[in-house]
There are 2 protein chains.
Amino acid sequence: MATPREAFIETTARLLELQGYHATGLNQIVQESGAPKGSLYYYFPDGKEGLTAEVIERIGASLAGHIRDQLAQVADPGQAIDLFIQQMAAAMTASDCRGGGPLATVALETSASSERLRSACRDAYRSWQRAFADKLEAGGYAPERAARLGELIIALLEGAIILCRTERSSAPLEHLAEELRPLLRRMEE
Amino acid sequence: MATPREAFIETTARLLELQGYHATGLNQIVQESGAPKGSLYYYFPDGKEGLTAEVIERIGASLAGHIRDQLAQVADPGQAIDLFIQQMAAAMTASDCRGGGPLATVALETSASSERLRSACRDAYRSWQRAFADKLEAGGYAPERAARLGELIIALLEGAIILCRTERSSAPLEHLAEELRPLLRRMEE
DNA sequence: GTCTATATGCAGATAGAC
DNA sequence: GTCTATCTGCATATAGAC
């Protein structure tokens with residue numbers, strides 16, 4: 001964390017994933033980032049909303065890249081997606097079922113109250129959906145089918161994350177991987 | 001809304017769905033409920049958390065009953081679930097994509113910070129999952145398959161709701177209904 | 001049962017010195 | 001760029017009269 005600006009962004013990203021938007025205060029962000037308190041409004045003149053908007057964009061781009069990297073490691077789309085979900089389940093366990101889905105809480109909290117944050121979340125979700133869809137297309141799926149399945153996969157992942165957090169168990173994600181496995185095989189035919 | 005107690009519960013249920021937990025203040029609840037301000041802590045000595053816990057239980061039981069009622073109107077489980085999701089999509093449109101998923105936001109906001117609210121949400125989700133699973137079992141699915149598919153359906157619905165709210169469109173729910181249709185047919189065989 | 005008044009704390013945001 | 005001090009407002013919760 002070189003500059004205070006980066007420190008704010010990285011700390012905010014972590015806190016938003018764990019606590020959501022309204023439960024995360026600027027005081028906590030300043031404190032945990034270790035950045036100078038007086039510089040927050042210098043780097044983010046729009047305050048909390050502006051800072052959050054940039055964090056959402058970062059998370060969106062970062063995770064989209066991560067998805068593409070992971071999916072590129074296995075040729076078959078079905079197997080690649082299967083493996084990706086298994087890794088998400090492992091990460092869920094590692095975070096004691098408190099992390100995962102870095103935007104889900106913020107998206108639900110702000111979609112009705114801030115147009116700026118809603119559209120930022122929307123763009124992030126679209127980029128993740130496209131990452132999956134591109135992999136499926138490269139594996140031979142028709143573009144329209146690939147886009148549909150990409151949307152379905154994002155919905156499944158986000159929903160499974162809600163269940164994992166409320167159950168405090170990674171089982172829903174693991175079940176999801178199992179259920180999707182034969183499904184993506186069958187659709188290849 | 002006869003008693004102040006009921007007024008608090010119903011108003012809180014509505015606000016939690018639209019705004020989530022941390023964005024909903026007791027002052028707003030009192031004001032919009034029309035109930036006497038001085039009686040909130042009389043009926044809910046545990047304050048906001050106690051009130052919210054009871055609201056979650058109510059929403060859980062109420063929606064579980066609604067799911068069972070709706071699914072009972074069509075004999076075939078696949079068709080019944082298909083119709084149910086289409087009605088959810090219609091309700092999503094009617095609420096201008098601000099409603100639907102009455103617990104999703106609260107579940108994510110509180111699962112890491114309140115054991116009481118987390119377990120209340122968990123029980124609600126389980127009851128909904130069971131409502132779908134029972135319908136599938138009655139339609140001939142093996143109990144283990146029915147339970148798995150029930151979990152899958154809940155995850156899909158909750159995830160689709162997140163996408164609908166961020167996209168401000170009911171399309172994700174409508175797509176979900178279309179994609180699930182052939183899937184539940186195929187699984188019957 | 002319901003009231004008003006208030007305690008206490010923290011939220012986001014700003015002003016002006018340095 | 002960063003500081004301290006502070007403004008304004010609302011949050012949950014409580015006390016004590018009626």
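All values derive from a computational prediction rather than experimental measurement. Protein chains get the first letters and strands the later ones, always in sequence-line order, with residue 1 at the start of each.
B:Leu18 belongs to no hydrophobic cluster with other residues, because no ILVMFWY side-chain heavy atom falls under 4.5 Å from its own, directly or through intermediates. Membership of the apolar cluster around B:Val74 extends to B:Leu83, as traced through chained side-chain contacts below 4.5 Å between ILVMFWY residues.
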A:Ile9 vs A:Tyr43, side-chain contact (heavy atoms from CB on, under 4.5 Å): CA-CA, chis, key distance, verdict: CA-CA 10 Å; A:Ile9 288 178; A:Tyr43 290 110; over 6 Å; no
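Partners of B:Glu54 according to the salt bridge (Lys or Arg N to Asp or Glu O under 4.0 Å) rule, which considers only residues two or more places apart in sequence or in another chain, are B:Arg5, B:Arg58. Taking the salt bridge (Lys or Arg N to Asp or Glu O under 4.0 Å) definition, one finds that A:Asp123 meets it with nothing, sequence neighbours left out. Listed by chain and number, the residues in a salt bridge (Lys or Arg N to Asp or Glu O under 4.0 Å) with B:Glu115 are A:Arg168, B:Arg118 (sequence neighbours excluded). Remark: B:Phe84 engages B:Phe132 in a ring-ring contact (aromatic ring centres under 6.0 Å, His included) (not counting sequence neighbours). For A:Arg122, there are no side chain to side chain donor-acceptor pair (under 3.5 Å) partners, not counting sequence neighbours. Residues meeting the side chain to side chain donor-acceptor pair (under 3.5 Å) test with B:Gln19, sequence neighbours left out: B:Thr24. Taking the ring-ring contact (aromatic ring centres under 6.0 Å, His included) definition, one finds that A:Tyr125 meets it with A:Trp128, sequence neighbours left out.
Contacts between residues 102-117 of chain B and DNA chain D, defined by a heavy-atom separation below 4.0 Å, involve no residue at all.
Here the C1' atom of nucleotide C:dG9 and the CD atom of A:Gln28 are 16 Å apart, to the nearest Å.
For DNA chain D, the span of nucleotides reached by chain B at under 4.0 Å from its heavy atoms goes, 5' to 3', from D:dA11 to D:dT14.
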Could you list all N or O pairs between the protein and nucleotides 12-14 of chain C that sit under 3.5 Å apart?
| residue | atom | partner | partner atom | Å |
| --- | --- | --- | --- | --- |
| C:dG12 | OP1 | A:Lys48 | NZ | 2.8 |
| C:dG12 | OP2 | A:Leu26 | N | 2.6 |
| C:dA13 | OP2 | A:Tyr41 | OH | 2.8 |
| C:dA13 | OP2 | A:Lys48 | N | 3.1 |
| C:dA13 | O5' | A:Tyr41 | OH | 3.2 |

